[in-house]
Amino acid sequence: MSRISIADLGDLKGGENITISGWAQEIKILKSVTFIILRDSTGVCQVTIKGEPNLIEKASTLTRESVIMITGTFKKDGISKSAPEIACTGLTLLNPAGTPLPLGITDPVEADFETRFNNRILDLRKPKNNIIFRAKSSILWGIRKLMTDEGFVEVQTPKIVSSATEGGAEVFRVKYHEKDAFLNQSPQLYKEMLISAGIPKVFEVGPAFRAEEHNTNRHLNEFTSIDIEMAFSNDDDAMQMLELCVYQGITELMDKMGKELETLGYKIVVPKKPFPRMEYTEGIKILEENNVKFNFGDDFSSEHLKIIGSKMDGFYFITGWPEQVRPFYTMQRDDDQRFTKSFDLQYKELEITSGAQRVHDPNVLIKRLKEKGLNPENFEYYVSAFRYGMPPHAGWGLGLERLTQIALNIHNIREVTLFPRDRTRVTP
RNA sequence: GCCCCGAUAGUGUAGCGGCCUAUCAUACAGGCCUGUCGAGCCUGUGACACGGGUUCAAAUCCCGUUCGGGGCGCCA
């Protein structure tokens, strides 16, 4: 008589003695019968107590969300309309829950963001929230499987670093023994160095830190970045790999969890390949057609991307960005130095990936660093990797939370983060 | 960093100068109830973020603080 999960009750014939454990979601005591709605990670079932004054006595002291173990007989033809039914023969309180709950799991009232994230573990017990993280895991698994099949090596690079990656974004400062250091904004420089180290296909899934004091539905101060870098490749190769990744991630999600997600109100749409591509200059044309003023060399704002995104269905690339808006390591086009061999992957107005073919000539790299107002001396550890045979290479960085947000159509990025770090929140 | 908006029981809300000894739902405690399934019914406990000010009178108006929500910039 071992423990069984609620989802597996469906495989039983009826009449078996079983043990089942989980949280007491609701306790209803009527005159002649007592019910406990029991929830585990796989579903809910109804535990019925009839007669048995001992058990009723025990049940009457239970509080919602207490952890209990039930033994009983599975009833194939239970009377319950909503859940499989178990006739209770034993009830053990494993750990009581305090009362009242700061956040009811099944209460009809919605809680505010603040309340939800202050009591995140209770919030995550709600199936609709809980499944988000199985979905995120599933997407990531789809991508990991693809990358590994394609011969990529998963690596781990330092998160405590001595210089800011790109000069632009704000960085968190940390004390590192007697030195000052920073939390890495991106594995960019390290994954490029690994190309020179003879690992021609690398990928990393890890945290990235940005100290910007943003307050939006799509920014976190700590997020998960999926980064890849591939040798002897150009921007087009990187884009094809990216397309495949997004496709495989969402396909995996759809195959493994599509039905389950649907019952909780999520609709998964697997994107069609190839994703449409649009030049930066075509974007400008769209804006001009909509009577929006735009200066060549500027980045598109959210408002601009809303207009451009409304013309596109789902995922699309914006390519050919001007060099002013791209980092120093981005390669310029041979035929026109004003433009770069770079791309963003967009979904409507949301940017989920930024990538490019990179500069591989160390002299060009130093020139570009200076042009961007950065001191090449601070990047010597990086540039030196380019002096002794650096292959041409390309890659990108993809925001896992943003991809999950899109796949599940969730408005706020904090919802797809277990314990989000935003402008003010450092706990839990 | 900038611009809006907000803060009332555990949770979510109503009230927007005197009728507030503050509404309702839910939760919580107790009771009733032939099997509930958003169960139902009865009783009870429980709140105006903080500090100043205006006024005969402040939950309500003004200022500040703290915290939160949305948007912008920036980006993944």
Side-chain angles (χ1 to χ4, degrees), chain A residues 25-38 44-51 60-61 63-65 75 78-85 87 97-119 122-123 165-170 185-188 205-227 242 298-306 325-327 344-347 349-355 396-406 411-414 416-417 422-425:
Chain A
Q25 188 168 90
E26 286 174 69
I27 301 103
K28 300 186 204 177
I29 299 170
L30 284 79
K31 189 159 193 178
S32 64
V33 65
T34 291
F35 302 108
I36 299 167
I37 311 299
L38 183 68
V44 291
C45 68
Q46 175 168 283
V47 177
T48 304
I49 306 171
K50 239 178 165 174
S60 68
T61 64
T63 52
R64 294 199 301 171
E65 295 305 309
K75 290 161 78 174
I79 301 168
S80 173
K81 295 175 208 160
S82 57
E85 197 168 343
T99 169
L101 297 167
L103 183 68
I105 310 304
T106 54
D107 289 5
V109 285
E110 274 295 310
D112 288 344
F113 260 111
E114 173 72 356
T115 310
R116 291 183 49 199
F117 285 102
N118 283 343
N119 301 284
L122 288 174
D123 185 50
T165 306
E166 319 191 0
E170 297 283 326
Q185 303 169 311
S186 142
Q188 181 62 32
V205 180
F209 304 91
R210 306 278 163 95
E212 242 93 32
E213 294 187 349
H214 30 48
N215 189 207
T216 75
N217 64 356
R218 60 192 182 281
H219 287 92
L220 293 166
N221 290 293
E222 178 177 355
F223 66 95
T224 310
S225 183
I226 302 175
D227 266 86
L242 174 56
D298 286 351
D299 206 345
F300 294 130
S301 70
S302 298
E303 192 199 346
H304 296 145
L305 289 169
K306 272 174 195 157
V325 298
R326 302 307 269 204
D344 280 358
L345 179 64
Q346 298 279 146
Y347 185 86
E349 71 268 19
L350 188 62
E351 176 186 340
I352 64 163
T353 309
S354 193
W396 42 256
L398 182 160
L400 176 60
E401 283 80 13
R402 286 193 180 175
L403 181 59
T404 308
Q405 230 186 321
I406 289 164
H411 178 71
N412 196 314
I413 196 163
R414 282 174 267 193
V416 299
T417 311
D422 61 27
R423 182 165 172 177
T424 51
R425 185 173 286 281

I want to check one thing: is the phosphate of [N], taken as OP1 and OP2, less than 4.0 Å away from some side-chain N or O of [X]?
X      : N     : result
A:N412 : B:G70 : yes
A:T424 : B:G68 : yes
A:T99  : B:C28 : no
A:R414 : B:G70 : yes
A:K306 : B:C72 : yes
A:K31  : B:C33 : yes

Task: Smallest separation among heavy atoms of A:H411 and A:Q405, with atom names - done: O-NE2, 2.9 Å

- [ ] Return the minimal non-hydrogen interatomic distance between A:I27 and A:R64, and the atom names on each side.
- [x]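 Looking at all heavy atoms of both residues, the closest pair is CD1-N, 3.8 Å.
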
The side chain of [X] lies closest to which of these nucleotides: [options]?
X      : options             : value
A:S32  : B:A76, B:C37, B:U34 : B:U34
A:R218 : B:A76, B:U36, B:G73 : B:G73
A:H411 : B:G71, B:G73, B:A29 : B:G71

Any base atoms under 4.0 Å from [X], or only sugar-phosphate, or nothing? Heavy atoms, all strands.
X      : answer
A:E114 : sugar-phosphate
A:I105 : nothing
A:T216 : base

- [ ] For A:N217 and for A:F223, locate the closest nucleotide of RNA chain B by heavy-atom distance; then report the residue assigned to the nucleotide nearer the 5' terminus.
- [x] A:N217

- [ ] By nearest nucleotide on RNA chain B, pick out whichever of A:T63 and A:D344 is the more 5' one.
- [x]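 Comparing both residues, the 5'-ward one is A:T63.
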
Do the side chain of [X] and the base of [N] come within less than 3.5 angstrom through a donor-acceptor pair of N or O atoms?
X      : N     : value
A:E85  : B:G35 : yes
A:S302 : B:C72 : no
A:K28  : B:G35 : no
A:H219 : B:C75 : yes

Task: Interatomic distance at C1', B:A59 relative to B:G40, whole Å - done: 35 Å

TODO: Flag this pair as yes if the NZ/CZ of A:R414 is under 6.0 angstrom from the six-membered ring centre of A:F113 and inside a 45 degree cone about the axis; otherwise no.
DONE: yes

- [ ] Rounded off to whole Å, could you give me the CG-to-P distance for the A:D298 and B:C75 pair?
- [x]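 In whole Å, B:C75 P lies 11 Å from A:D298 CG.
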
Open item on the list: Can you measure A:E170 atom CD to B:A76 atom P for me and round it to whole angstrom units?
Closed with: 15 Å

Could you go through nucleotides 3-12 of chain B and list every protein N or O atom that sits under 3.5 Å from one of its N or O atoms, giving the distance for each pair?
unit_1, atom_1, unit_2, atom_2, d
B:G10, O2', A:L101, O, 3.4
B:G12, OP1, A:D112, N, 2.9
B:G12, OP1, A:T115, OG1, 2.6

Task: Main-chain N/O of A:Q185 paired with A:R210 side-chain donor or acceptor, under 3.5 Å - done: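 Looks like yes, one N/O pair under 3.5 Å.
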
Open item on the list: Pairs counted only when both distances fall under 3.5 Å, Watson-Crick or G-U: show me the 5' to 3' dot-bracket for RNA chain B, [ ] for pseudoknotted crossings and | for other-strand partners.
Closed with: (((((((..(((.....[.....))).(((((.......)))))....(((((..]....))))))))))))....

- [ ] Check salt bridge (Lys or Arg N to Asp or Glu O under 4.0 Å) between A:R218 and all other residues, then give those that pass, not counting sequence neighbours.
- [x] none

- [ ] Take A:E114 and A:R425, measure what salt bridge (charged side-chain N to carboxylate O under 4.0 Å, His left out) needs, and give me the verdict at the end.
- [x] CA-CA 10 Å; A:E114 173 72 356; A:R425 185 173 286 281; 3.2 Å; yes

Open item on the list: Quick one about A:S80 and A:E85 (side-chain donor to acceptor, distance below 3.5 Å, no hydrogens or angles considered), yes or no?
Closed with: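 Judged by distance alone, the side chains do not pair up.
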
